[in-house]
Each structure stands twice: as structure tokens, then as C-alpha cells.
Amino acid sequence: MTISTGSAAERERTRPAVVEQTLRPGQDARRPPVKAWLQPALVSLVVVAAFIACYVGLQRAPQPHQVPIAVTGSSLPGEIQQVLGDAVDVHPAADAATAHLALERHDVVAALGTAAPGHLKLEIAGAAGASTTSAVSTLVDAYARRTGRT
């Protein structure tokens, strides 16, 4: 047992201060530190922002690239490649039947040939998707307008 010297007031001043907390009903005694929930929230916000930026950046002005098209005729494949450039991947075909067969085998997404002088015939694989179908139609239409064909 220790003998204390001094009055009760002196002992009260030298004793470390203890803060008493009164808990309300339903209140937990410990709160998680701010860092525990702030860090995962910030990381997830950065990841979401990066995904949105990439998606919006890539979808802003999409351009077709290397769309496979079977083209019949002797000079038509070269003309198509020269006019449309890197947007198409021209697969020369001997005749319309060969081009149609490549289309059925899913080697190409479209078959292009001449139907009559000044007229083009385009067959598109609808199973390739709406965006590919639209891109092929737009590309062939651009070629037809440049060359004065229908």
C-alpha cells in the first residue's frame, strides 16, 4: 500500500486526465478511422474514371479498319483498295459464286461485284452485326459516289 501525501486537490491535478464518454443507445464505442474507408473509395473512383475516359475516348469517332470484303472482277479489287485504303481488307474472288461462298463461310463480311455497267451489287452478312453492316454500306456507298456508280 502506498501512502499519499498532499491533499485530494493536489492528487487530482497530477493525475492524468481521463475523458469520460457517454454512449447513446445504438452508438458503437469505436469509429473506424477515416483512412480505412477513404482509400478504397478513392481507388475505386480513379478506376471508374479511367474506364469512362477510355470508353468515351475510343467511341467518340470510330472508324472501320481492315473490314474483310470479297470483291469480284479484274480491276475492281484494286480500285476498291486504292479508294478505301486501310478501311477494307480486299479479298479478290474469281466470280460471284466464289465471293458468295466466302461470305457464307464467314471469311468475309461482304461480297461486292458488278451487276451491270455502272452498277454495283453488294451482299452483306447480317450476322456480322449492325455496326459492321453499317460500316460496309457506308464504305461501298462512298466508293460508288466517288466513281459515279450506283
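- For residues 68-80, the set of pairs meeting the salt bridge (charged side-chain N to carboxylate O under 4.0 Å, His left out) definition, not counting sequence neighbours, comprises Glu79-Arg149.
- Of all heavy-atom pairs spanning Thr72 and Pro77, the tightest one is O-CD, 4.0 Å.
- Val48 and Val56 fall within a single hydrophobic cluster, where Ile, Leu, Val, Met, Phe, Trp and Tyr side chains are chained together by heavy-atom contacts under 4.5 Å.
- In the hydrophobic clustering (ILVMFWY side chains linked at under 4.5 Å, chained through shared members), Val136 is joined by Val67, Ile69, Val71, Leu76, Ile80, Val83, Leu84, Val88, Val90, Val109, Leu112, Leu120, Leu122, Ile124, Leu139, Val140, Tyr143.
- One finds the CZ atom of Arg105 at 11.5 Å from the NE2 atom of His100 (value rounded to the nearest 0.5 Å).
- Few gaps surround CD on Gln66; more than 12 heavy atoms of other groups in view lie less than 6.0 Å from it.
- Taking 4.5 Å as the limit, every side-chain heavy atom of Leu101 sits out of range of all side-chain heavy atoms of Thr98.
- Within the 3.5 Å criterion, the main-chain N or O of Ser134 finds no donor-acceptor partner in the side chain of Ser137.
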